[in-house]
Amino acid sequence: MQTLRAFRIHEDPSGPGFAVRAGFESVPLPQPSVGQVLLRVAFSGINYKDALAASGAGRILRRFPLTGGIDFSGTVVASADPRWHEGDLALVAGCGLSESHDGGYADYACVAADWLVPLPPGHSLWSVMALGTAGFTAALAIHKLELNGLQPGQGPVAVTGASGGVGSIAIDLLAARGYTVTAISRKPDQAQYLQALGAVQVLSPDQLGLGGKPLERAHWAGAIDNVGGELLAGLLAATMTGGSVASIGQAGGAALHTTVMPFILRGVNLLGIGSSGTPHALRLALWRRLGDDLRPRHLSRIAPHTIAFEELPTAFAGLLQGSNVGRIVVRIDPNAVVESA
Ligand SMILES: NC(=O)c1ccc[n+]([C@@H]2O[C@H](COP(=O)([O-])OP(=O)(O)OC[C@H]3O[C@@H](n4cnc5c(N)ncnc54)[C@H](OP(=O)(O)O)[C@@H]3O)[C@@H](O)[C@H]2O)c1
């Protein structure tokens, strides 16, 4: 029987509460059934959700055991769907990988053909995973902010959790579109990095002077929030009339204590951003845009570290501790070439 190497996550019932155990295992090579495609995985990435899943710090998996990795890029090696052929290059991001289906931390992945996205123009198997779910989600947030009226020139746009994966890419994409970006980060030592990505100002959450009032001086034309909690409440209270705040993450907490005042007195929009449920047509369109008008300019700076598959277990801690900067790409296939485009 042919086997493959996979990073598997099991529920660990031995303790008092919810826990997982995760590590490398040899599992049978799946064969695609009708409507499925088998890919040789080239690269994957490490998203916050991957760290939660692999450590058990969050209940991400809906069944056990599963292979981790919420996204990957690779080459089709066998297809039971007429749209995909051996040698085609593709990526999958979200779609329930490492939640209800085996994910990308494996030599091979067998997935529904409907989930595959062709490599966007000008991108490589490496660069799409330097973007990964983080980059796709940043693009989705910008898409929704602009659908709700955000345009360059209206005022500053805040990005919180700025030094993380989503934050870094959001700054890069917003700045390239002509927005005046303020990076909000707890890491003063990363100010130079954030400015190099295009932030005109770098502030710590403390410098925002979050007062907890229902309405603060209207300052932000828009915002992308990866942190949640008090920071999100503070952004809502300080957003200009008609402005929008895109809520992506909860790195700082899931609770949101606010009032209706920003909504009813300033018409502020709170936009929910959920990447995994994005309809396929929009998913394809946004990935195409990531190769076109939403093309990142600083991917090599954002993802300077491509680690070997074997190093994966050591790489989750930084994300869980909030010390991560930028993106970490994982080279699953040792022969896959790291090329920015
Ligand atoms: N909605 C979706 O579809 C979707 C998709 C992808 C990610 N997400 C979520 O978006 C968030 C960011 O993901 P990511 O991949 O960018 O993670 P990441 O690389 O780990 O970055 C998270 C950043 O948030 C800040 N942070 C971390 N812990 C914090 C805390 N306790 N209080 C305040 N700030 C804290 C840090 O930035 P600074 O030190 O610069 O402040 C950290 O670098 C996560 O919550 C993730 O689950 C959601």
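Values below: all heavy atoms of this structure, side chains included; hydrogens, waters and symmetry mates excluded.
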Student: If you group Ile, Leu, Val, Met, Phe, Trp and Tyr whenever their side-chain heavy atoms sit less than 4.5 Å apart, what else falls in with L256?
Tutor: L215, L232, L236, V245, V260, M261, F263, I264, L265, V268, L270
Student: Checking one residue: I184. Which other hydrophobic residues are in its cluster under the side-chain 4.5 Å linking rule?
Tutor: L203, L208, L210, W220, V227, L231, L235
Student: Can you pull out every side-chain hydrogen bond (donor to acceptor under 3.5 Å, both in side chains) where at least one residue sits in residues 276-289? Sequence neighbours excluded, please.
Tutor: R289-D293
Student: Establish, from distance only, whether the side-chain atoms of D206 and S204 form a donor-acceptor pair under 3.5 Å.
Tutor: no
Student: Does a donor on one side chain and an acceptor on the other come within less than 3.5 Å for T67 and R8?
Tutor: yes
Student: Which pair of heavy atoms, one from N148 and one from S244, lies closest together, and at what distance?
Tutor: CB-OG, 3.6 Å
Student: Give me the atom names and distance for the closest heavy-atom approach of A42 to L125.
Tutor: CB-CD1, 3.9 Å
Student: Kindly give the heavy-atom pair with the smallest separation between Y179 and P152, and that separation in Å.
Tutor: CE2-N, 3.2 Å
Student: Would you mind listing every salt bridge (Lys or Arg N to Asp or Glu O under 4.0 Å) that reaches into residues 115-137, with sequence neighbours excluded?
Tutor: none
Student: Could you give me the CA-CA distance, side-chain angles and deciding distance for E311 and T314, then say whether side chain to side chain donor-acceptor pair (under 3.5 Å) is met?
Tutor: CA-CA 6 Å; E311 296 174 81; T314 63; 5.6 Å; no
Student: With clusters built from Ile, Leu, Val, Met, Phe, Trp and Tyr whose side-chain heavy atoms come within less than 4.5 Å, directly or transitively, what are the remaining members of the cluster of V27, listed by chain and number?
Tutor: L4, L29, L38, V77, Y108
Student: I need the full list of salt bridge (Lys or Arg N to Asp or Glu O under 4.0 Å) pairs touching residues 136-159, with sequence neighbours left out, sorted by first then second residue.
Tutor: E146-R177
Student: For D292, check salt bridge (Lys or Arg N to Asp or Glu O under 4.0 Å) against everything at least two apart and list the hits.
Tutor: none
Student: Any pair with a residue in residues 22-48 that passes salt bridge (Lys or Arg N to Asp or Glu O under 4.0 Å), sequence neighbours left out, goes on the list, sorted by first then second residue, please.
Tutor: R40-D107, R40-D333
Student: Answer yes if the ring centres of F7 and F309 are under 6.0 angstrom apart, and no otherwise.
Tutor: no
Student: How far apart are the closest heavy atoms of M240 and P156, and which atoms are they?
Tutor: CE-CD, 4.4 Å
Student: Among all residues two or more places apart in sequence or in another chain, which pass the salt bridge (Lys or Arg N to Asp or Glu O under 4.0 Å) test with D81?
Tutor: R83
Student: Just jot down the salt bridge (Lys or Arg N to Asp or Glu O under 4.0 Å) partners of R62, sequence neighbours excluded, or say none.
Tutor: E99
Student: Specify the closest pair of heavy atoms between V117 and W84, including all atoms of both residues, with the distance to one decimal.
Tutor: C-CH2, 4.1 Å
Student: Report the residues that fulfil salt bridge (Lys or Arg N to Asp or Glu O under 4.0 Å) with E230, sequence neighbours left out, ordered by chain and then residue number.
Tutor: none
Student: Identify which one of L89, T75, D88, L116 satisfies the side-chain contact (heavy atoms from CB on, under 4.5 Å) criterion when paired with L39.
Tutor: L116
Student: Give me each pair satisfying salt bridge (Lys or Arg N to Asp or Glu O under 4.0 Å) with a member in residues 209-226, each pair once, sequence neighbours excluded.
Tutor: none
Student: Counting C-beta onward and ignoring hydrogens, is there a side-chain heavy-atom pair between D12 and V20 closer than 4.5 Å?
Tutor: no
Student: Are Y193 and S168 linked by a side-chain donor-acceptor pair shorter than 3.5 Å?
Tutor: yes
